[in-house]
Structure formats: C-alpha cells, structure tokens
Amino acid sequence: MTKYIVRRLLQMIPVIIGATFILFVLVFALPGEPWQGRCGERPCPPAYVDAFKKEYNLDKPLLIQYGIYLGRLLRGDLGTNFYNNRVIDELAVRYPTTVTLALIAIAFAIVIGITAGLVAGINRGSFLDTLVTVSTLVVISVPVFVIGGLAQWSILKLKLTDIIPVTATQGTIGQLILPGLVLGSLSVAYVARLTRTNLVENLRADYVRTARAKGLSKSRVIGLHTLRNSLIPVITFIGYEIGSLMGGAIVTERIFNINGIGGFIFRSIEQRDGVSVVGAVTVLVLVYLVVNLIVDVLYGVLDPRISHD
Amino acid sequence: MIDRRDHKDRGRREQFLAGLAEPDLAVEPPEPASDLLVGEEPTGAADKPHSLWTDAWWQMRRRPMFWISTALIIIFAVMAVWPSLFTSLDPRYCLLAESRQPPGRQHWFGTDIQGCDVYARTVYGARSSILVGVFATLGVTVIGSFVGLVSGYFGHWLDVLLSRLGEIFFAIPTLLGGIVILYSFPSKPDTPYFVVVGKVVLAITLLAWPSIARLMRGSVLQVMPNEYVVAAQGLGASSARVIVSHVLPNAMAGVIAVATINLGVYIALEATLSFLGIGLQEPAISWGIAISAASKMGYITSAPHMLLFPSLFLSLTVLAFIMLGEVARDALDPKLR
C-alpha cells in the first residue's frame, strides 16, 4: 500500500510540472505578443510592454523563465491584475462559493444518480430502466448552458422565483440549490449510468450466484454483496468529479451570475484581464490534479486489488 | 478494446465511456445472437466469412436509434453544406425595427435582439458546429491513432515517452485548456471565418488527442500477439506494412465508435467556448453565440424563442452523434454480443 501511494505521488510530479509548463508556453512563450489584448481594445503602450517583459522575464531563456514562474506559483504568487489586486486574494474570496456549489452538485449526483442507477440496474429491461438510460443520454447530450437557460426560463414562467431564485449574486445556500442542480446534471447522468453498468455486470458474477444459492434474500444479496463492489468505481468517479466540477462551474456561474471562481474567470475574459484568466485557470487545473491524486490513493484503499501490481 | 476492468489507470474518460457503453438497452430484442443467425443463414453458408464490419452493420440496422441518429445527422450535414436549401432569408439581413418579435408567419422562429431572423440564423449556425466537430474529430483521431499505433507497436522507450507526454495533456481539462489557448490567441472581428474556426479546432485537437491515443494503444497491444501479425512479421514484412494492413484494420473499431461520440462532445465544447465569448466570434454565426446573447436575464422571459430554437438544434446535433457512436460501439464490441 505504502509503495503504491509513493509511486502515485512520484508519477504525479512530472504531470504537474508538464501541465504547468504547457500552460506557461501557451501563454507566454509562443511566438507573438503575449501582452496583446491585455490593454483592452487598444495596442499596449511601450512602457506596459517593457514592464510586462520584465515581470515575466521574457528576455531570459525559456527554461529559466519557466523556473521563475513555477517558483512564484509554488509561493502562491499569481501576479496582479488590472485593478492592482493580487489574483490569489481575488480567488481566496470567491473560493468558498465555488466549493459550496460543487458540493451541492455532488450531493445531487450521489442522491439522484446512485438511486436512479440502482433502480435501473435491479429492474434491468423494465420501463424504469429504459427511462433512466434514455433520459441520462438526453442529459449528457444537452449542453449545461442550455439546461441552465431552460431551468431559468421554466422557473420564471411558472413564477416560482420567490421559492427558487434564478440568480445567486450573494451565493447563499438557498440561492445555490438550482445552480448546483444544473451544474450536477451531467454528473447525475454519468453516476446513474456507471452505477447501473457496474451493478448489471456484478449481478452476473460468480460470488453473487453463490450468495443466491446459499439462500440469502434478494435485499441482502444486492445490499451486502453486489452494491459494495459496484459502488467502488462510482465513488472514484464522484471523487474525480469534485475536481472537474470546479472547472465546469465557469458556465454555471456565468448563467446564474454567481460571484465564484468561474464567474471571476468569465468576467476577466470579458474585460480581457489576462493575468486573472490564466491565474485562475492554473489554480483550477492544479486543484483538479490534486483531487485526482487523492482519489487515486483512496481508490487503492477501497479496492486492494489495484495496489498489488 | 481496452479492458474496462483495468483498475490501474482508469481515467475519467474511460469511465465516462464505460458508462455510455450500454450492453443492453431495453429497445433491443432479448436474443440478438440467434436472431442474427436466422437472418444471415440463407446467404451466409457459401459466402466468405463475415467480417466484424458486416456483423456490426447487421447489428446496427436493427436498432431504431441508429436510423434516428443517422437521419438527424444527414439533415444537419445538408444544412451545414447548403443552408439556403432550408431558408431563403439572409441571416445577416436584420431590421432593428423588428427586434425580438415572437415566432409568426413571417419569422418562423421569431427575431433576435438585432431584428435578425432566428430561423435563418439557426440554420446557418449548423455550419460552424459541424465544421468544428468534424475537423476536431479528424485531427484528434488522426493524431491520437498515430501516436497510439506507434507507441503500442514499437513499445520500449518510445511508448514510455509518448505515454508520459499524453498523460500531461490528459491532465489539463479540455474546457480550461481551451479557455487559456483561445484567450492567448484572440480573434478579431476582421479575422477570416476559417481562421476563427481553425483556432477552436486546433485548441481541441491539442488537448484531446491523448484519450484516443490511449484507446488505440490498448487495442494495438491486444492485436499484436495474434498469429496473423506474428506471421506477417516473420515473413519479413516491413513495420509500415504490418501496421497498415494488419494491425490498424483490427484495432480501429473502438476508436471509430469513440470518435463518433467525441464529435458530439466537441460540438458541445465549441458551443460552450462560444457561449463564454471565447470560441467563435461575431460576425461568425454560431449556436453558442446565439444562446449566449439570448440567455441574458431580461430576454429569457421577454423573448424565450431566442434561447429555445438554437438550444434545440444544438442539443439534437450533439444527441445524434452521441447516439450513433453508442450504437456503433455496441455493434463493434464483440464482448457485448
């Protein structure tokens, strides 16, 4: 087990270095003028260009530039944006909102997704099963911003705005319920499908037949034997989703006007505030990677088979 | 096919696809194998043995989902190539005086905020989505398959190098990476249309190739130990010949199914990037841009048609490709028979 954790940690280091290097090259080192568009809708004044070159050490060799950038990143220095605010501070203020939103989405994925997957998997081939497989396919195909727009439209149409607010500018839990559901809709569909597929696969397994042959009740066979094994991949998937939902929240936060990381990225795109866009995206990529690492390690704990190779 | 129970390196995408691969949609008759035999027997005996592709075709054509998705795809493809077949109106002819009119005789889907005809703009919007989807899928599939073939066939240090490289790109979520790339290479209103589309295609290609490369590498590793490959190598065929005429045809089934699903996924991704104001840019006509303009709070209630029709077309296109990919996947995976 320890060997597995150490190996995963070591494997992660080149991936983190590589991913940040790619982001760095894309933004700062490719031919062209990286300061282009950073001064709004007009060309940058020479003084700004000089300051920019100096700040990002663009006159030094590429690897040294990257080394300095990575060193700053590790110290939490993401630069300062147009308003002379440190990007890291801007993110710190907004992080709780985005985390809350992602957690609400995850809660929906767990409750609705696993229940739907269970119902479909147990009653395989039934009407409920078809309903779940078809409706999840539709949810997977409809982009999140369409689901969000339709949700807002139907709530405004039904005049339910007093109960379910369609904007969440303050970011209170009550306001975040609908955005959380919209953000989590895709995860709900994946979780339902994954639960169903794993359950169906495991119900065919030898150990389940043995348990049935022993005369155990159906609820015990499913609840005690099948479910425990079927949920391992589902739990892992949900873990990965926590990381990726933070990134996916950009669209949801823009629709519902939420002042989280995603809303910050969207507004920075609109204001062509490059330092903020790149800084915030880099943080989200790092969060995604770290969450994946934690989930991988936990996977080893949940399923001992994978740490033996 | 990659073994779905490979616990060691189970990426999100594989899980997603494992979730999509539905061995037993209820629409299917319960006993496909015997059905298939009965259908084939009259011609089957004397003919040459059925290939995977013939079998897959037999399997697919009995699924209603296959015909529905194919019909939708043909409609949207024709719409992308020849939009004037569907509407005689000019999508760029807009009368501000007719702003935000509800659907009616003159404007079937109503008009948008500039007074442009929503139906015409929705029809003309198909082109951007299909172009991005098709070219991104081509790019990802060609590059991913090439990398997967090379690293699976030659192995050793080349495999290690390419797999590590793929892991790094795989680690960057496509939407986030796309935002950074397209932000760094912004388009202006006077940028030519194909350059604007090309940027989105390149961004997706750059970020998404590793998933196909992994899939191809897995299939190649399964095909390699087969007798026909070993025999060809033993007879002295060159690597290029063994790959092109023996390994590739037997390893590409899974890739084709996933590439079809991906086409839908990339169309949705393009729309998402355009929705965020960073993918396609005006004056390009795109469903993502239209939905973005329509989903400003005031318009959702006053002009819901601006939101509904582009959303409907976009969702149907994505659904059609994902459905077709799923059907193809079920048909091409012998394990599910």
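Below, chains carry the letters A, B, ... as their sequence lines are ordered, and counting in each starts from 1.
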Q. Can you tell me if T137(B) and N262(B) form a side-chain donor-acceptor pair at under 3.5 Å?
A. no
Q.
If we count only N and O atoms by modelled type, under 3.5 Å, do the side chains of T98(A) and E253(A) hold a donor and an acceptor together?
A. yes
Given the options [options], which has more heavy-atom pairs under 4.5 Å with chain B than any of the others?
options: A19(A), S141(A), G18(A), A280(A); answer: S141(A)
options: I250(A), V191(A), L150(A), V138(A); answer: I250(A)
options: A189(A), A192(A), P143(A), G148(A); answer: P143(A)
options: F127(A), F145(A), F21(A); answer: F145(A)
options: V142(A), I17(A), I22(A), V251(A); answer: I22(A)

Contact origin within [X] toward chain A - heavy atom pairs under 4.5 Å:
X: I291(B); result: side chain
X: L308(B); result: side chain
X: L206(B); result: side chain

Q | chain B contact via L284(A) - side chain, backbone, both or neither, heavy atoms under 4.5 Å | A | both
Q.
Need one label for V15(A): side chain, backbone, both or neither, based on atoms under 4.5 Å from any heavy atom in chain B.
A. both
State whether the side chain of [X] and the backbone N or O of [Y] hold a donor-acceptor pair below 3.5 Å, judged by distance alone.
X: S129(B); Y: A126(B); result: no
X: T136(A); Y: T133(A); result: yes
X: W67(B); Y: P64(B); result: no
X: Q152(A); Y: I255(A); result: yes

Q. What residue in I278(B), L175(B), L316(B), T272(B) has the most heavy-atom pairs under 4.5 Å with chain A?
A. T272(B)
Q.
Between S292(B), P310(B), A320(B), who has the most heavy-atom pairs with chain A when the cutoff is under 4.5 Å?
A.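 The option with the most such pairs is S292(B).
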Q: Decide, yes or no, whether a salt bridge links R124(A) with E201(A) under the criterion of side-chain N to carboxylate O below 4.0 Å.
A: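 Answer for the salt bridge query: no.
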Q. Passes salt bridge (charged side-chain N to carboxylate O under 4.0 Å, His left out), R164(B) versus E167(B)? Steps please.
A. CA-CA 5 Å; R164(B) 289 289 100 74; E167(B) 239 167 56; 3.3 Å; yes
